[in-house]
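Everything on this sheet refers to the single structure shown next.
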Amino acid sequence: QVQLVESGGGSVQAGGSLRLSCVASGYTFSGSCMGWFRQAPGKEREGVARISASGGGTSYDDSVKGRFTISRDNAKNSLYLQINILRPTDTAMYYCAADPTAPWCSDEQLVSNGYWGQGTQVTVSS
């Protein structure tokens, strides 16, 4: 049974930092591309960062470049998202997603083929 469990969210003031984690089980973690998405109230879900199966390739949405860093530890079946200089506009539910069929994937692939966690809430106050 595939499981993705996010943690690390919370309520922080603008300018602060958080490190989100996603622990996976039930599939071959090291062979799957992964990504982080977020969904704010009343808005569509958006992809913010992606990482290849090996961890050697990453990409980011323009809105988070320079502030967000995606990484993974294949030995621990874990995916991370370091978020710095938090803004109120970063307030959202954050989800990790995995596509075990591909070493690299787009947001569209993760949405259509991926496994998803339940999310962790990030709330940023000004």
Side-chain angles (χ1 to χ4, degrees):
Q1 181 181 357
V2 174
Q3 275 195 315
L4 297 171
V5 180
E6 302 95 335
S7 63
S11 296
V12 297
Q13 289 194 326
S17 299
L18 284 173
R19 188 191 195 208
L20 308 185
S21 298
C22 171
V23 178
S25 61
Y27 68 99
T28 304
F29 183 84
S30 60
S32 70
C33 59
M34 299 192 73
W36 284 99
F37 290 72
R38 67 184 180 185
Q39 187 166 21
K43 295 190 175 182
E44 292 189 355
R45 179 176 49 186
E46 62 173 348
V48 295
R50 301 125 216 113
I51 189 166
S52 64
S54 68
T58 58
S59 70
Y60 299 89
D61 187 81
D62 285 345
S63 65
V64 306
K65 277 182 183 176
R67 299 189 300 119
F68 287 24
T69 303
I70 189 171
S71 62
R72 64 191 295 161
D73 185 338
N74 285 349
K76 295 182 179 180
N77 281 14
S78 294
L79 176 74
Y80 306 101
L81 186 68
Q82 178 69 40
I83 310 176
N84 297 326
I85 317 176
L86 277 156
R87 303 168 179 168
T89 50
D90 294 321
T91 294
M93 186 72 80
Y94 284 72
Y95 301 89
C96 64
D99 183 352
T101 67
W104 177 255
C105 47
S106 63
D107 287 352
E108 290 72 21
Q109 284 177 264
L110 287 166
V111 169
S112 62
N113 300 334
Y115 297 117
W116 291 76
Q118 295 300 306
T120 186
Q121 177 68 39
V122 172
T123 303
V124 185
S125 58
S126 57

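All values derive from a computational prediction rather than experimental measurement.
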For [X] against [Y], the heavy-atom pair lying closest together:
{"X": "Leu79", "Y": "Phe29", "value": "N-CZ, 4.0 Å"}
{"X": "Arg67", "Y": "Ser63", "value": "NH2-O, 3.4 Å"}
{"X": "Ala40", "Y": "Ala92", "value": "N-CB, 3.8 Å"}
{"X": "Gln121", "Y": "Met93", "value": "N-SD, 3.5 Å"}
{"X": "Ala14", "Y": "Ser126", "value": "CB-CA, 4.3 Å"}
{"X": "Leu4", "Y": "Ala24", "value": "CD2-CB, 3.3 Å"}

Could you list the residues that satisfy ring-ring contact (aromatic ring centres under 6.0 Å, His included) with Phe37, not counting sequence neighbours?
Trp116
Tell me, yes or no, whether the heavy-atom count around Tyr115 atom OH, taken from other residues, nucleotides or ligands under 6.0 Å, exceeds 12.
no
Scan residues 21-41 for pairs that pass salt bridge (charged side-chain N to carboxylate O under 4.0 Å, His left out), counting only residues two or more places apart or in two chains.
Arg38-Glu46, Arg38-Asp90
Can you measure from [atom1] ([X]) to [atom2] ([Y]) and round to the nearest 0.5 angstrom?
{"X": "Met34", "Y": "Cys105", "atom1": "CE", "atom2": "SG", "result": "9.0 Å"}
{"X": "Ser7", "Y": "Tyr80", "atom1": "OG", "atom2": "OH", "result": "9.0 Å"}
{"X": "Ile85", "Y": "Ser17", "atom1": "CD1", "atom2": "OG", "result": "7.5 Å"}
{"X": "Asn74", "Y": "Ser32", "atom1": "CG", "atom2": "OG", "result": "7.5 Å"}
{"X": "Cys22", "Y": "Arg72", "atom1": "SG", "atom2": "CZ", "result": "10.0 Å"}
{"X": "Gln13", "Y": "Thr123", "atom1": "CD", "atom2": "OG1", "result": "13.0 Å"}

Return yes if some donor-acceptor pair links the side-chain N/O of Gln118 with the main-chain N/O of Glu6 below 3.5 Å, else return no.
no
With a 3.5 Å distance limit and no angle check, can you tell me whether Asn77 reaches the backbone of Gly26 through a side-chain donor-acceptor pair?
no
Only one of Asp99, Asp107, Asp61, Thr58 passes side chain to side chain donor-acceptor pair (under 3.5 Å) with Arg50; say which it is.
Asp107
If hydrophobic clusters are built by linking Ile, Leu, Val, Met, Phe, Trp and Tyr wherever their side-chain heavy atoms come under 4.5 Å apart, do Leu81 and Trp104 end up in the same one?
no
Are Tyr95 and Val23 connected into the same hydrophobic cluster when the rule is that any two of I, L, V, M, F, W, Y join if their side-chain heavy atoms are below 4.5 Å apart?
no
If we check side-chain contact (heavy atoms from CB on, under 4.5 Å) with Trp36, which of these qualifies: Val64, Leu110, Ile70, Ile83?
Ile70
Once side-chain contact (heavy atoms from CB on, under 4.5 Å) is applied, do any residues pair with Ser54, and if so which ones, sequence neighbours excluded?
Ser52
